[in-house]
Q: 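After the structure tokens below, expect a handful of questions from me.
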Protein chains: 2
Amino acid sequence: MTPPEPRPPATRRADVLAKLTAPVVDAWVATSAADGPYLVPLTLAWLRERIVLATDGKSRTAINLAATGTARLALGPTRDVVMIDAVLEETFPVAQAPSWVADGYAASTDWDPRTAGGSCAYLILRPDRIQAWREENELQDRTLMRDGTWSG
Amino acid sequence: MTPPEPRPPATRRADVLAKLTAPVVDAWVATSAADGPYLVPLTLAWLRERIVLATDGKSRTAINLAATGTARLALGPTRDVVMIDAVLEETFPVAQAPSWVADGYAASTDWDPRTAGGSCAYLILRPDRIQAWREENELQDRTLMRDGTWSG
């Protein structure tokens, strides 16, 4: 079966933004520590050009991110992927988050971490590199953002 | 909306095996290096209780796995997940793989790495821990395999 023609970069960028701003967006979030990789699905919000995650501040994801400052995220499915290399910009304990984060996260997702209480925190990630591809024939030109700047 | 009742462990285990043996299975494969996490989708085959991946032997996934020996894999979607912590057991360059690997991989997936030539390799991973959950109410009892042994 012949795959469809590769999408031009502008289409891919629009498709990436559509995925990031869909009603409830789950990402696969990979982080790492000295003892190896960690990976877990988390619900994200795309706010002010940042990826906002919410998770327990004592989770392995939060601890790894605090230590290394970097994560690699994937939006699927596996044959229509968006890969995002991101750096940790800021962390807010739930009770101390500014309203653009807390209200924005609740409005974009299907839960409000403020109701979870405890040690939940928002992690604000700045995308550094974004890639998007479907099949093999889209591997070329897959990089849409480099060093935090959209190309083209 | 109330989620369905949590699945009992035997059902989850059957669901995991159904996912692993479905016609074409793509996994998110997280590995790590000193400079951080790596994550990429790869097509797997489940053969002889092992996860078989095929990728360029010079890819970051192959290099990271050779260095650390561990990967964490996810099968989705994000609200029906299987998480697998696995260790690298063996690596075969495509031309030197035994037939259970090479024929088995081609029969289980939609491509045959033997036709790709070059530096493609099979990575044989032994699952050490397997977890499966759908929603929050399945987080309890999510661990189905510990230290390479199915529980229960």
Side-chain angles (χ1 to χ4, degrees), chain A residues 1 3 19 22 24-44 56 59-61 64-65 67-88 109-111 115-116 125 128-129 131-136 138-139 142, chain B residues 1 3 19 22 24-44 56 59-61 64-65 67-88 109-111 115-116 125 128-129 131-136 138-139 142:
Chain A
M1 200 174 68
K19 271 185 192 273
V24 178
V25 186
D26 291 339
W28 296 99
V29 182
T31 56
S32 65
D35 64 349
Y38 192 61
L39 176 65
V40 80
L42 291 174
T43 302
L44 68 78
D56 192 314
S59 65
R60 287 188 60 178
T61 297
N64 288 352
L65 261 169
T68 70
T70 64
R72 184 164 159 96
L73 297 88
L75 307 182
T78 52
R79 298 192 184 199
D80 180 13
V81 312
V82 175
M83 304 297 316
I84 304 174
D85 290 289
V87 297
L88 182 66
T109 68
D110 59 352
W111 74 296
T115 65
L125 301 173
D128 182 62
R129 187 172 66 156
Q131 302 178 312
W133 72 89
R134 288 181 178 160
E135 297 286 343
E136 191 82 16
E138 284 203 355
L139 286 177
R142 66 182 177 278
Chain B
M1 197 174 71
K19 272 186 192 271
V24 179
V25 185
D26 290 340
W28 297 100
V29 181
T31 56
S32 65
D35 65 348
Y38 192 61
L39 176 65
V40 80
L42 292 175
T43 301
L44 69 76
D56 192 312
S59 66
R60 287 188 60 179
T61 297
N64 287 353
L65 262 169
T68 69
T70 65
R72 183 164 159 95
L73 297 89
L75 308 183
T78 53
R79 299 193 184 198
D80 180 13
V81 312
V82 175
M83 304 297 315
I84 304 174
D85 290 290
V87 297
L88 181 65
T109 69
D110 58 354
W111 72 298
T115 65
L125 301 173
D128 182 61
R129 188 171 65 158
Q131 301 178 312
W133 72 89
R134 288 182 176 158
E135 296 287 342
E136 192 81 18
E138 284 203 354
L139 286 177
R142 66 184 177 278

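Owing to the predicted nature of the structure, the values given are computational and were not obtained by experimental measurement. Each chain gets a letter, A, B and so on, in the order its sequence line appears, and its residues count up from 1. Quick note: numbers below take in every heavy atom, side chains included, and nothing from hydrogens, waters or symmetry partners.
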Q: Could you pull out the closest heavy-atom pair between A:Ala30 and B:Ala30, with the gap in Å?
A: CB-CB, 4.1 Å

Q: Flag the one option from A:Thr31, A:Leu73, A:Thr68, A:Asp26 with the top tally of heavy-atom pairs under 4.5 Å to chain B.
A: A:Asp26

Q: Take a 6.0 Å sphere around CD of A:Glu135 and say whether it holds more than 12 heavy atoms from other residues, nucleotides or ligands.
A: yes

Q: So how far is it from B:Tyr38 OH to A:Thr70 OG1, rounded to the nearest 0.5 Å?
A: 13.5 Å

Q: Between B:Pro41, B:Ala27, B:Gly69, which residue shows the highest count of heavy-atom pairs closer than 4.5 Å to chain A?
A: B:Pro41

Q: Restricting to non-hydrogen atoms, name the atom on B:Pro37 and the atom on A:Ser32 that form the minimum distance, rounded to 0.1 Å.
A: N-OG, 3.4 Å

Q: Quick one: OG1 on A:Thr43 to CZ on B:Arg79, what's the gap to the nearest 0.5 Å?
A: 4.5 Å

Q: Given a strict heavy-atom distance threshold of 4.5 Å, which part of A:Leu75 is in contact with chain B: side chain, backbone, both, or neither?
A: backbone

Q: Go through the steps to decide whether A:Leu39 and B:Met83 satisfy the test side-chain contact (heavy atoms from CB on, under 4.5 Å), and finish with yes or no.
A: CA-CA 8 Å; A:Leu39 176 65; B:Met83 304 297 315; 4.0 Å; yes

Q: So what's closer than 4.5 Å to chain B heavy atoms on A:Val24: side chain, backbone, both or neither?
A: side chain

Q: Between A:Trp133 and chain B, with a heavy-atom cut-off of 4.5 Å, which part of the residue counts as in contact: side chain, backbone, both or neither?
A: side chain

Q: Less than 4.5 Å to any heavy atom of chain B: does that hold for the side chain of A:Ala34, its backbone, both, or neither?
A: neither

